[in-house]
Every structure is written in C-alpha cells, then in structure tokens.
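Data first, discussion second: the structure below is written as structure tokens.
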Amino acid sequence: MHASSVSRRTVLAGTAAAVALTGLPSIQGRAYAASTTYRWRNVVQGGTGFVTGVLFHPSVRGLAYARTDIGGAYRWDDSAARWTPLTDHLGWDDWNLLGVEAMAVDPAHPNRVYLALGTYAQSWASNGAVLRSDDRGATWARTDLAVRLGANEDGRGCGERLLVDPRDSDTLWLGTRHDGLLRSTDRGATWAAATGFPGTPSASGQGVTLLVAAGRTLYAGWGDSDGGAANLYRTADGTSWEAVPGQPSGAAAKVPIRGAYDRNTRELYLTYADAPGPNGQSDGSVHALCTANGKWREVTPVKPGGTTDDGGTDSFGYGGVAVDARRPGTLVVSTNNRWALVDTVFRSTDGGRSWTSLKDSAVFDVSETPFLKWGADAPKFGWWIQALALDPYDSKHLVYGTGATLYGTRDLKHWAPQIRGLEEASVRQLISPPAGEARLISGSGDIGVMYHEKLTASPSRGMASNPLFGTATGLAQAVAKPAYVVRTGWGDHGNGAYSNDGGRTWAPFAAQPSLAKDAPGPIAVSADGGVLLWVFVHWDGTKYPAHRSTDNGATWTEVSSFPKGATPLADPADPALFYAYDTDTGTLFASTDGGVTFTARASGLPSGDSQFELVAAPGRSGDLWLSVKWNGLYRSTDGGRSFAKVASCWASYTLGFGKAADGADYPAVYLVGSTESITAVYRSDDEAKSWVRINDDQHQWGWTGEVITGDPRVHGRVYLATNGRGIQYGEPA
C-alpha cells in the first residue's frame with residue numbers, strides 16, 4: 001500500500017564532498033556534540049498502514065508480535081492493550097531495515113524473538129539483517145545478511161519465512177526471495193545455504209513464501225513453481241527435502257500463501273492464490289493435508305470466479321489462515337484482493353467442511369480511529385487481509401490486518417481496531433498552525449490529509465474529504481490568513497481542495513487543469529491567500545508546467561517561465577513573492593509579480609536530486625534555507641540572489657522552524673542532518689551557529705528526511721515525519 005518516498009541512497013559520513021560556491025562567503029559557525037533530553041511520542045493516527053503479520057506466542061498468554069511492511073515490528077502488551085515498537089533504534093543508514101520480512105518465536109523459550117529485516121530486494125537496496133532478542137525485543141543482537149529481503153514488495157503478506165526448528169531451539173530457518181533457504185545453527189548469529197533444498201532461486205521470483213512446522217516436520221512453500229512444478233516441500237530430518245506428494249496444482253493453487261497446523265487433528269491447512277499478493281490475485285483455494293496419512297482435502301469456502309449482482313466477476317485469492325489451539329478442527333481463513341464483494345474471514349468448526357462468513361454478522365466500532373470510515377462511508381471489513389491470527393488462550397480473540405489497521409474481536413461479532421501504539425503512516429507534509437483549534441495538519445501516503453485537534457487521539461474528523469484523497473501530494477497555508485489552507489493529491493473526485501476554516505472542512509476547486517488527474521503535485525499559496533501555484537509531476541517522474549489561479553481554483557493559467565517540476569514556495573511576508581528551486585540546474589527562480597513570471601537568480605548550486613528542499617523562515621521576507629542532502633545547507637537573506645553555505649553542518653535533509661527560545665529574536669531551527677559523524681535530529685536557537693541533538697539512539701526511526709517542523713506556539717516542540725513510523729513529536733523532558 002505504501003509507495004515509499006525514501007531516498008534510494010544510503011549516506012555515509014564523508015562519502016560526498018561539499019559543494020563550494022565561488023565568490024560566496026561561508027556563514028561561520030560550529031557544531032558541537034551537545035544533546036538535550038527529549039521525550040518522543042507518536043502523534044496518534046491509528047495504524048494507517050499494512051500490517052503484514054501477527055504472531056501470538058503459543059506458550060505465553062497475552063504475548064503477541066506484529067510486523068509491518070515499512071514500519072518495523074511491535075510487541076503486544078495485553079495488560080495495557082497496546083503495542084510497543086521494537087525497532088525505533090534503527091537509524092538513518094539502516095532505513096532499509098524498517099520493513100519486516102518475517103518474525104519467529106521460540107515456544108520453548110518465551111523470551112526469545114527473532115526478526116528478519118529488509119524492505120527492498122532491489123539492486124540499489126542494502127542487504128537484510130536478522131535481529132535476535134532474549135528479552136522480548138527490549139534489546140537486540142544483530143547479524144547482517146549477505147542477501148536482500150523484500151518486506152515492501154509483492155508477497156509481503158505471505159506466511160512467516162522465519163522459523164525456529166521445533167527439534168532444536170538453536171536451529172533457525174530463513175526463506176528468502178531470491179537466494180533460496182538459509183539455515184542457522186547458532187540462534188541466528190551466522191547463516192548458510194540449507195543443503196538439499198530443491199527450490200531453484202530466481203532473480204525475479206518469490207522464492208520461499210512460508211515456513212511452518214507440523215510436529216517435527218518442516219514445510220516450505222515455494223512461490224516460483226509457475227503452477228506446474230511442486231510448490232510445497234518438506235523435511236523430517238532437516239537435511240533431505242522432498243516435494244509433498246499429492247499437493248494441489250493449477251492456477252488456484254499456484255502460490256502457497258500461508259500455513260497453519262492443527263496439532264490436535266494433525267492436519268496442515270494451507271491457503272493458495274494465483275499470485276503472491278496483496279494485489280493482483282484473481283483465483284485461490286484452501287487445502288488440508290493430513291500429516292498422519294498424507295491425504296489431501298480441498299476445503300475452499302467459496303471458489304472465486306462467480307458472478308456478482310451487477311454482472312461483474314467475484315475474483316480474489318486466499319490469504320490468512322489460523323487454527324484454534326483449544327478446539328480441534330476449528331480454523332479461520334481470509335479472502336484477499338476481493339474488491340467486488342469485499343474481503344471476509346471465514347470460520348469453520350468442522351475442519352473446513354462447512355464455513356461461516358464473519359463479515360455477515362460483523363458490527364464495527366471505529367470511534368477510536370474515525371478515518372476508517374473513509375469519509376462518510378461506513379467502515380469496510382477490510383482489504384489486503386493476509387495477516388490473520390487466533391489467540392491460543394482465547395478462542396474468540398481473533399485479529400486480522402488490513403492495508404490500514406488491525407481489527408480485533410473478543411466475541412467473533414463485535415470488531416474494533418486493536419491498534420493502539422502501532423503507527424505506520426508514510427508522512428509527506430506537515431503544518432503546525434500559528435493559532436486556532438488544530439495543533440497539526442498532516443498529509444500522508446495512502447491516507448490523505450488529517451486535521452489533528454489533539455496529538456494524543458486520532459483526528460475526530462477522520463481523513464479530509466470533499467474530495468477524499470489516497471495519497472496527499474501538497475499542503476499549504478496562507479501565512480497572513482491561516483484560516484485558508486489548500487491541499488492536493490490523488491483522488492477519485494478531484495485532486496485539489498481548499499478550506500476557509502483552517503482545515504476542518506473542505507471544498508474542491510471549482511476546476512482543475514487536465515494534468516491534475518494523472519500528475520497531481522505540490523501546491524503553494526501566497527501569504528494573503530490570493531494566489532495559488534500548482535505543480536504537476538507524473539508518478540513516472542515526468543514534469544509539467546505549473547499553473548496559477550487567482551480565483552480560488554475556479555480558473556487556471558499555465559506559467560511557462562516556472563521551472564518544470566520544481567516545488568513552489570511562497571514568501572511568508574510579501575504576497576507578491578514566490579520562489580522555486582530548479583534541482584535539474586541548481587538555480588533559484590523567483591517571481592515578484594505574484595507568480596505570473598519567474599526569473600533566475602542564484603545559480604551554480606547543487607543539482608541532480610529532486611528531493612532537495614527550499615524553505616522560508618517565518619515572518620521574514622527573502623530569508624531562504626536550502627537543504628541539499630549530503631551537499632550541506634545553504635542560506636540566502638536576499639531573496640535567493642545569493643546563497644552562503646552554512647558551516648555548522650555538512651548534511652541537511654529537511655529543515656523547519658518553530659517558536660523562538662526565550663530572549664531569542666530568531667525562530668528555533670530544526671534539522672534532520674549531520675553536524676558531525678551521524679545523521680540525527682537537531683535544534684538550533686542561534687540561527688544555525690550551533691546545534692543540539694534532540695533525538696537519541698533509541699529514537700531514530702530509519703528514514704526521517706521528508707519534513708520537519710517546529711510548533712510556532714511552544715518552544716522546543718517539534719514534529720517529525722517518518723516513512724513508516726507515522727508522525728513523531730518531541731518535547732524537552
């Protein structure tokens with residue numbers, strides 16, 4: 001569900017030389033290693049991302065773990081009814097490890113937990129890693145792998161690819177996408193290819209899709225059989241593997257998705273689909289293997305391919321499966337990618353011979369996370385249901401993950417989000433208003449724009465609607481008229497909207513350029529709210545001219561002199577001034593006529609990266625700051641006619657402003673960047689002459705280079721966007 005916005009380059013100290021501008025002075029300053037203690041918490045949204053796996057511990061009541069595709073892993077605290085994040089310590093250079101490919105627990109040692117990490121398996125991504133803990137994830141030991149994993153790629157909702165061998169707790173198995181099956185005999189400290197495994201690795205396939213133990217026998221699903229050859233293997237001794245005889249074949253059983261073993265009936269239940277999912281599935285099935293005699297039964301609740309009431313096709317695959325440890329023959333399975341009739345969870349109490357759809361009697365309470373109403377619509381049962389888990393100590397405690405939340409029930413009828421503490425939004429824009437009810441307005445991937453009256457509760461108005469967006473691409477507020485806010489994004493009923501009440505309610509622009517539907521990009525609004533500048537960038541990177549409106553979006557005019565694809569910036573004090581930084585040429589452009597025409601000013605600045613960021617200091621005209629990643633930080637005090645390099649940091653990824661410190665005459669400056677050897681979060685109260693680190697090694701959240709902003713009403717409070725851990729906010733402890 002997440003179209004990640006992370007940079008695909010891992011930056012190490014000293015890998016890129018700073019760019020010097022001929023004839024421009026340096027702003028002298030010094031960075032020092034001071035730090036101040038901050039308390040960090042999530043701004044509560046409530047899930048907002050794809051929960052790809054949930055694992056109840058079979059030996060400890062109330063203990064469970066969850067994994068996500070880009071937002072790390074969590075441990076469930078049953079007494080507090082909330083999730084505790086376990087991987088926030090992963091830092092900037094380890095951003096690719098925030099995706100959790102698989103997790104495992106040891107039934108014989110309740111405090112042990114293992115994670116296989118790696119978000120992308122592409123050539124530009126770093127290798128994966130395995131974390132192992134003896135204290136339920138409070139602390140970790142780490143082993144870097146020689147292979148890549150793909151927690152945010154197709155197949156990320158498949159079964160656990162990591163397994164503790166039931167015959168020996170020191171032996172672990174790890175299924176990879178492109179490098180076969182790995183084995184460790186020292187509790188994950190070292191890994192080697194498993195001998196005798198018959199699957200042939202592919203550079204583009206799925207590889208091992210699941211690992212499950214049925215008694216002392218291990219089963220491995222294989223996602224590269226193409227519907228013909230074997231896709232399920234087993235070993236009884238950990239050395240020799242064989243294709244499981246009699247296994248199902250054909251399109252409906254092409255890819256094994258998940259498996260669950262009922263030790264009471266000695267049956268292994270497996271879900272299948274014609275594609276790994278979570279998207280692209282149109283067929284699927286469910287089968288049971290009696291491990292005592294090797295006989296198979298098909299137990300598919302409803303076969304895909306039927307006709308819907310409107311004449312469409314009811315196409316879908318099967319996803320999650322879980323068995324009831326307390327009731328022999330009781331199990332649940334989920335459909336996946338069933339858009340026509342909406343996904344459901346089926347339950348059987350007779351080994352799959354008959355089924356009941358839990359959706360048919362479901363009653364939802366989403367009052368804790370109102371965004372799940374998707375505007376004014378009632379909450380749906382869910383989509384992308386591949387994570388499905390039954391509490392081994394409570395037969396009616398069932399949870400399942402979706403692309404936006406984790407639902408739970410205690411009676412198989414009444415459902416509510418079981419998501420407290422788990423925040424996974426990929427955040428793109430943040431505004432902290434100078435006054436009014438809202439403490440924050442945010443724009444994210446997948447869940448559009450939210451109006452946060454409180455930081456400790458999910459926004460009561462849910463997602464901004466009229467129109468409703470999936471991913472937000474732009475968010476701007478008129479500085480001198482803060483009640484006026486505009487937003488842009490990917491929507492089915494318009495791609496731009498405005499608000500006259502600070503973002504509480506919205507109305508769509510009366511018209512929009514034709515480019516808006518397929519290439520909605522960022523937007524800026526002049527200080528007085530009189531001029532809009534909307535930029536268009538297609539998802540494939542194609543850039544188009546900006547368009548200008550002076551009538552609140554009723555009509556639009558192309559601005560041919562605006563550098564294509566640049567992000568527009570309004571001057572906070574002069575309504576006639578706009579700026580744009582052309583990353584292709586390293587040139588600052590400015591407009592003095594309200595965005596009608598743009599001309600070049602400073603040139604020779606760093607170029608080549610579309611994520612360079614230009615921001616303006618509040619309350620000052622022409623005071624511009626330019627973050628150019630590993631090329632450093634530049635500042636202009638003359639409206640972009642010249643820039644000077646800031647000497648106090650050597651890397652700057654995103655920068656923002658907040659309320660000035662007592663006695664200071666310049667706003668507090670917040671930075672994600674590098675002043676010495678590490679990339680961290682900093683604050684300066686003296687115009688970037690010196691910095692104080694305000695995060696710590698346990699609060700790093702991987703990629704944090706999208707946006708940062710201080711609170712204009714509270715000195716020291718800062719809001720930080722992450723790619724998968726939602727909005728973090730920090731305050732001096």
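Residues take their numbers from the sequence shown, with the count starting at 1. In this text the structure is predicted, and so the values were computed from the model without any measurement. Worth knowing before you read on, the calculation uses all heavy atoms, side chains too, and leaves out hydrogens, waters and symmetry mates.
- Residues Asp78 and Trp76 meet the side-chain proximity criterion, which asks for heavy atoms closer than 4.5 Å.
- Here the closest heavy-atom approach between residue Gly259 and residue Leu210 is recorded as N-CD2, 4.0 Å.
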Inset, instruction - Please assess His287 against Tyr272 for the test ring-ring contact (aromatic ring centres under 6.0 Å, His included), listing each intermediate value before the final yes or no. - result: CA-CA 8 Å; His287 297 263; Tyr272 290 86; 5.5 Å; yes
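- Looking at His452 and Gln45, their side chains come closer than 4.5 Å, going by heavy atoms from C-beta outward.
- Residue Ile419 holds its CD1 atom at 5.0 Å from CG of Leu406, rounded to the nearest 0.5 Å.
- Asn96 places a side-chain N or O within 3.5 Å of a backbone atom of Ser126 that can act as its donor or acceptor partner.
- For Gly351 against Tyr269, the heavy-atom pair with the smallest separation is CA-OH, 3.4 Å.
- Counting heavy atoms from C-beta outward, Trp222 and Gln206 have side chains that stay 4.5 Å or more apart.
- In this structure, a donor-acceptor pair under 3.5 Å is absent between the side chains of Thr704 and Thr722.
- For the pair Arg461 and Glu453, the salt-bridge criterion is not met [side-chain N within less than 4.0 Å of a carboxylate O].
- Here the side chain of Thr300 pairs no donor or acceptor atom with the backbone of Val302 at under 3.5 angstrom.
- For the residue pair Arg347/Ser357, the side-chain donor-acceptor check at 3.5 Å is not satisfied.
- Between the Thr271 side chain and the Arg258 main chain, a donor and an acceptor come within less than 3.5 Å of each other.
- A salt bridge links Arg187 and Asp134; the closest N-O separation between the charged side-chain nitrogens and carboxylate oxygens is under 4.0 Å.
- Two residues are said to be in side-chain contact when any heavy atoms from C-beta on lie closer than 4.5 Å; Val113 and Val105 meet this criterion.
- Here the options are Thr52, Asn279, Asp69, the test is side chain to side chain donor-acceptor pair (under 3.5 Å), and the partner is Trp384; only Asn279 passes.
- Side-chain N or O atoms of Ser348 include one that pairs as donor or acceptor with a backbone N or O of Asp350 at under 3.5 Å.
- A 6.0 Å sphere centred on CZ of Arg112 holds more than 12 heavy atoms belonging to other residues, nucleotides or ligands.
- For the residue pair Asp394/His397, the side-chain donor-acceptor check at 3.5 Å is not satisfied.
- Pairing each heavy atom of Gln386 with each of Pro276, the nearest pair is NE2-O, 3.4 Å.
- The closest side-chain heavy-atom distance from Tyr451 to Pro459 is not below 4.5 Å.
- Side-chain rings of Trp339 and Phe316 stay apart, their centers remaining 6.0 Å or farther from each other.
- Across all non-hydrogen atoms, the minimal contact from Ala425 to Thr48 is N-OG1, 3.1 Å.
- Aromatic pair Phe56/Tyr65: centroids not less than 6.0 angstrom apart.
- Remark: Arg148 fails to qualify as a cation-pi partner of Tyr120 under the 6.0 Å distance and 45° angle criteria applied to the six-membered ring.
- In the displayed structure, Trp539 atom CH2 is contacted under 6.0 Å by at most 12 heavy atoms of other residues, nucleotides or ligands.
- Remark: Asn42 CG to Thr456 OG1 distance equals 12.0 Å, nearest 0.5 Å.
- Rounding to the nearest 0.5 Å places CG of Leu440 at 5.0 Å from CD1 of Ile727.
- The 12-atom threshold is not exceeded at NZ of Lys373, counting heavy atoms of other residues, nucleotides or ligands nearer than 6.0 Å.
- Side chain of Asp94 to backbone of Leu97: no donor-acceptor contact under 3.5 angstrom is found.
- There is no side-chain donor-acceptor pair under 3.5 Å between Ser444 and Asp446.
- Here the side chain of Ser426 pairs no donor or acceptor atom with the backbone of Asn723 at under 3.5 angstrom.
- Judged by distance alone, the side chain of Thr369 and the main-chain N or O of Phe371 form no donor-acceptor pair under 3.5 Å.
- Between the side chains of Gln122 and Glu153, at least one donor N or O sits under 3.5 Å from an acceptor N or O.
- Because its NZ or CZ atom is both nearer than 6.0 Å to the ring centre of Trp506 and within 45° of the ring axis, Arg487 counts as a cation-pi partner of that residue.
- The closest side-chain donor-acceptor pair between Asp77 and Trp83, if any, does not fall under 3.5 angstrom.
- Counting only N and O atoms by type, the side chains of Thr308 and Asp314 include no donor and acceptor under 3.5 Å apart.
- The side-chain heavy atoms of Leu211 and Glu160, taken from C-beta on, include no pair separated by under 4.5 Å.
- At a cut-off of 3.5 Å, with distance as the only test, a side-chain donor of Ser282 or Asp274 sits close to an acceptor on the other residue.
- Here the OG-CZ distance, from Ser133 to Arg75, works out to 8.0 Å after rounding to the nearest 0.5 Å.
- In this structure a side-chain-to-backbone donor-acceptor pair under 3.5 Å is present from Arg177 to Gly150.
- Residue Tyr729 comes nearest to Leu455 through the heavy atom pair CE1-CD1, 3.7 Å, listed as atom of the first residue, atom of the second, then distance.
- Side-chain N or O atoms of Ser59 include one that pairs as donor or acceptor with a backbone N or O of Pro107 at under 3.5 Å.
- Distance CH2/Trp701 to CH2/Trp40: 4.5 Å, rounded to 0.5 Å.
- Crowding of Arg327 atom CZ: a count of heavy atoms from other residues, nucleotides or ligands under 6.0 Å not exceeding 12.
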Inset, instruction - Dump the intermediate steps for ring-ring contact (aromatic ring centres under 6.0 Å, His included) on Tyr219 and Tyr261, then the final yes or no. - result: CA-CA 10 Å; Tyr219 289 81; Tyr261 180 61; 8.1 Å; no
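- Side chain to side chain, Tyr393 and Arg326 fail the donor-acceptor criterion of an N or O pair below 3.5 Å.
- A donor and an acceptor atom, one from each side chain of Asp106 and Ser169, are located under 3.5 Å apart.
- Formation of a donor-acceptor pair under 3.5 Å by the Glu101 side chain with backbone atoms of Ala116 is not found in this model.
- The two residues Ser458 and Pro370 have their closest heavy-atom pair at OG-CD, 3.9 Å.
- Between Gln418 and Tyr407 there is no side-chain heavy-atom pair separated by less than 4.5 Å.
- Residues Leu115 and Arg67 fail the side-chain proximity criterion, which asks for heavy atoms closer than 4.5 Å.
- The environment of Arg263 atom CZ is sparse: at most 12 non-hydrogen atoms of other residues, nucleotides or ligands sit within 6.0 angstrom.
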Inset, instruction - Walk me through it: do Arg717 and Glu731 pass the test salt bridge (Lys or Arg N to Asp or Glu O under 4.0 Å)? - result: CA-CA 5 Å; Arg717 180 184 288 171; Glu731 297 176 301; 2.7 Å; yes
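- Rounded to the nearest 0.5 Å, atoms OG (Ser285) and CG (Leu270) are 9.5 Å apart.
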